[in-house]
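This report concerns only the one structure given below.
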Amino acid sequence: MSGISAPRGTKDILPGEVEKWQYMEDIVRRVCAGYGYREIRTPLFEHTELFQRGIGEATDIVEKEMYTFTDRGGRSITLRPEGTAPVVRAYLEHKLYGSAQPVRLFYLGPMFRYERPQAGRYRQFHQFGVEALGSQDPLMDTETILVALTIFEELGLENLHIELNSMGCPQCRPRYREGLKDYLKGRLDGLCSVCQTRYELNPVRILDCKEDACRKELEGVPEIGDYLCPECRGHFELVQRYLTSLGRSFSLNPRLVRGLDYYTKTVFEVIAPGMGAQNAVAGGGRYDGLAEECGGRETPAVGFAAGMERLLLALESQGKELPLPRELDAFVAVVGDSARTMGLKVAVALRQRGFKAAMETEGRSLRAQLKAADRLLVKHVVIIGEEELGRSAAIIRNMEDGGQQEVPLEQLLEAPERLLLQKISD
RNA sequence: GUGGGCGUAGCUCAGUUGGUCAGAGCGCCAGGUUGUGGCCCUGGAGGUCGUGGGUUCAAGUCCCAUCGCUCACCCCA
């Protein structure tokens with residue numbers, strides 16, 4: 001209603017909502033740490049070139065979704081649309097290949113893509129992700145998938161579906177690409193206009209097209225699985241075997257291609273049921289060629305990213321309520337000017353003892369103060385009025401059961417924990 | 001970029017074929033209880049009816065434009 005609102009595709013996360021985010025972030029950090037991953041924080045913007053080279057010119061992200069601008073120094077800058085390229089850049093820039101390999105990293109934060117917003121899609125959205133750099137072991141592919149699944153389970157999500165595919169490597173993917181083009185050559189007229197341009201630029205992505213016409217032409221399309229070189233085939237089989245050995249179910253989807261060019265070998269998505277169009281809560285895979293593409297040494301790596309808004313939506317659609325703890329341990333209510341000073345002392349003493357405590361500042365009636373405390377979901381109200389002050393005492397009122405008792409001020413100031421904790425455990 | 005739906009108090013919404021239509025519930029503030037929350041009662045604050053044009057004696061109510069929100073397509077988190 002007032003003049004300025006948050007920009008399209010962005011939103012404020014207000015108290016009441018932000019606690020859910022903190023809860024989710026805590027789980028992400030704890031699980032990642034439990035797998036030996038350490039947090040990395042990269043800039044929110046990078047040189048545009050990083051994403052152009054890393055993600056690939058022919059991708060939707062680079063073609064039409066980046067927030068790119070020229071800074072005052074004439075540099076082309078882009079708000080990060082994803083987290084992997086920046087992490088790889090940091091790994092190379094700080095020569096992390098010099099530390100013990102593989103390097104396990106995770107990140108958490110906002111990403112930016114210029115798209116039309118809709119349910120589960122925003123222009124500023126939040127992802128967390130992990131990247132394991134310096135390992136070509138299929139066990140590492142499995143590990144990153146496990147990290148994702150563990151986090152989702154800790155959050156309480158159920159019935160998640162894993163889709164797996166292999167994109168091959170520089171040895172075998174070109175052969176598949178050619179096989180695909182051979183198959184499509186006589187069918188170009190039947191493809192949508194977008195796919196006709198993809199034919200030359202990035203034919204593999206035609207597999208991913210949802211147009212009916214294209215799907216029809218693709219009915220007998222060769223699958224990459226038939227073209228994988230022995231190395232890629234063996235790698236993919238091991239990833240599957242490791243997952244199976246842990247009792248993890250998944251399905252193979254030969255059409256799973258992913259929108260970024262840098263993937264090699266394993267790719268996967270995690271799908272949440274019942275979420276409508278935007279049902280991919282996480283996606284990732286192996287990207288053995290990205291570091292070289294960024295101008296660095298060859299570095300095999302694998303990782304994934306998960307969308308936090310979508311996870312919250314998935315939790316909501318599954319009826320999972322995230323725990324919302326009571327915010328304040330105590331509210332100090334004061335009646336009369338002289339009580340204000342003592343109330344201030346009491347509030348400070350409570351906080352020094354580790355209690356979360358707020359106090360009355362508006363000079364309202366006791367009734368109004370209790371009403372306010374009630375709405376703040378406070379466990380206890382400490383009441384200090386002229387009468388109590390005269391007796392060097394205060395009242396502690398339990399807002400959950402309505403019970404209250406008068407206690408000496410001295411005790412409240414020196415050792416409040418017994419008074420409040422005793423009440424809490426009741 | 002394409003297409004559909006919607007824009008009336010903080011929130012959820014009523015407002016019949018244009019003529020007391022500027023309202024209700026909840027929320028908020030205050031009082032009833034001059035020192036005690038949740039229930040109840042009373043009162044109060046709060047809206048250029050998204051914005052700008054147009055039609056009309058008269059427009060939340062019709063028309064156009066515009067902005068915003070929302071859902072879907074493409075694609076992705």
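A note on names: the letters A, B, ... follow the listed sequences, proteins ahead of strands, and every chain is numbered from 1. As a basis for the values below, the full set of heavy atoms in this structure was taken, side chains included, without hydrogen atoms, waters or symmetry mates.
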(message) Taking only the C1' atom of each, what is the distance from B:rA9 to B:rC63 in whole angstrom?
(response) 28 Å
(message) Whole angstroms only, please: what is the CG-P distance between A:L260 and B:rC75?
(response) 14 Å
(message) Check this for me, if you would: do A:R123 and A:E115 make a salt bridge, where the nitrogen-to-carboxylate-oxygen distance has to be below 4.0 angstrom?
(response) no
(message) So if I take every side-chain heavy atom of A:D374 and compare against B:rG37, B:rC76, B:rG35, which nucleotide ends up nearest?
(response) B:rG37
(request) For the side chain of A:D60, starting at C-beta, report the closest nucleotide among B:rC73, B:rG35, B:rC75. (result) B:rC75
(message) Please report the distance separating the C1' of B:rC71 from the corresponding atom of B:rU56, rounded so that it comes out in whole Å.
(response) 36 Å
(request) Check every strand shown and say whether A:G120 touches a base, only sugar-phosphate, or nothing at a heavy-atom separation below 4.0 Å. (result) base
(request) Can you figure out which of B:rA72, B:rA77, B:rU70 approaches the side chain of A:E269 most closely? (result) B:rA77
(message) Rounding to an integer number of angstrom, what distance separates B:rU16 and B:rU55 when you compare their P atoms?
(response) 24 Å
(request) In whole angstrom, give me the gap between the P atoms of B:rG50 and B:rG68. (result) 16 Å
(request) Report yes if a side-chain nitrogen or oxygen of A:R258 is closer than 4.0 Å to either non-bridging phosphate oxygen (OP1 or OP2) of B:rA77; otherwise report no. (result) yes
(request) Can you tell me, in whole Å, how much space there is between the P of B:rU42 and that of B:rG27? (result) 14 Å
(message) So that I know where these two stand, are A:F106 and A:Y37 an aromatic pair - ring centroids less than 6.0 Å apart?
(response) no
(request) Please measure how far the C1' atom in B:rG18 lies from the corresponding atom in B:rA58, and state the result in whole Å. (result) 8 Å
(request) Tell whether A:R121 reaches the base of B:rC75 with its side chain through a donor-acceptor pair below 3.5 angstrom. (result) yes
(message) Taking A:E406 first and then A:R391, would you say they form a salt bridge - that is, a charged N and a carboxylate O separated by under 4.0 Å?
(response) yes
(message) Under the side-chain hydrogen bond (donor to acceptor under 3.5 Å, both in side chains) test against A:D329, which residue among A:R351, A:K356, A:K379 passes?
(response) A:K379
(message) For A:H126, is there any backbone N or O sitting under 3.5 Å from a side-chain donor or acceptor partner on A:E309?
(response) yes
(message) Assess whether a salt bridge exists between A:E223 and A:R255, defined as any Lys/Arg side-chain N lying under 4.0 Å from an Asp/Glu carboxylate O.
(response) no
(request) With the side chain of A:Q127 defined as its heavy atoms from C-beta on, choose the nearest nucleotide among B:rA77, B:rG35, B:rU36. (result) B:rA77
(request) Between B:rG7 and B:rU12, how far apart are the P atoms? Round to whole Å, please. (result) 12 Å
(request) Describe the nucleic acid contact of A:E388 in one word from base, sugar-phosphate, nothing, applying a heavy-atom distance below 4.0 Å. (result) base
(message) Tell me whether A:R258 is salt-bridged to A:E269, with the criterion being a basic N under 4.0 Å from an acidic carboxylate O.
(response) yes
(request) State whether A:R80 places a side-chain N or O below 4.0 Å from either non-bridging phosphate oxygen (OP1 or OP2) of B:rA77. (result) no
(request) Assign A:R198 to base, sugar-phosphate, or nothing according to its heavy-atom contacts below 4.0 angstrom with the strands shown. (result) sugar-phosphate
(message) Using a heavy-atom cut-off of 4.0 Å across all strands, would you classify A:E387 as base, sugar-phosphate, or nothing?
(response) base
(request) Provide the distance between the two P atoms, one in B:rC29 and one in B:rG38, to the nearest whole Å. (result) 12 Å
(message) Base, sugar-phosphate or nothing for A:I395? Non-hydrogen atoms, less than 4.0 Å.
(response) base
(message) Counting neighbours of NZ on A:K320 that are heavy atoms of other residues, nucleotides or ligands and sit closer than 6.0 Å, is the number greater than 12?
(response) yes
(message) When you measure from the centre of the six-membered ring of A:F125, is the NZ or CZ of A:R121 closer than 6.0 Å and no more than 45° off the axis?
(response) no
List every contact pair, protein side and nucleotides 26-31 of chain B side both N or O, where the distance is under 3.5 Å.
| unit_1 | atom_1 | unit_2 | atom_2 | d |
| --- | --- | --- | --- | --- |
| B:rC28 | OP1 | A:R375 | NE | 3.3 |
| B:rC29 | OP1 | A:R375 | NH2 | 3.2 |
| B:rC29 | OP2 | A:R375 | NH1 | 3.4 |
| B:rG31 | O6 | A:R367 | NH2 | 3.3 |

(message) Output the pairing pattern of RNA chain B as a dot-bracket string, 5' first, Watson-Crick or G-U wobble with both distances under 3.5 Å, | for cross-strand pairs, [ ] for crossing pairs.
(response) (((((((..((((.....[...)))).(((((.......))))).....(((((..]....))))))))))))....
(message) Taking the minimum atom-to-atom distance to the side chain of A:A119, which one of B:rA77, B:rA72, B:rU36 wins?
(response) B:rA72
(request) Can you tell me the distance, in whole Å, between the CD atom of A:Q404 and the P atom of B:rG35? (result) 15 Å
(request) Classify the nucleic acid contact of A:E115 as base, sugar-phosphate or nothing, counting any heavy atom under 4.0 Å across all strands shown. (result) base
(request) May I ask you to decide whether A:R80 forms a salt bridge with A:E46, counting only side-chain N to carboxylate O separations under 4.0 Å? (result) no
(message) Need one value for A:G402: base, sugar-phosphate or nothing, where a base atom within 4.0 Å counts as base even if backbone is also close, heavy atoms only.
(response) base
(request) Name the orientation of the base relative to the sugar in B:rG60: syn if the glycosidic angle is within 90° of 0, else anti. (result) syn
(request) Could you tell me whether the side chains of A:H235 and A:D141 share a donor-acceptor contact shorter than 3.5 Å? (result) yes
(request) Examine B:rC73: is either OP1 or OP2 under 4.0 Å from a nitrogen or oxygen in the side chain of A:Q118? Give yes or no. (result) yes
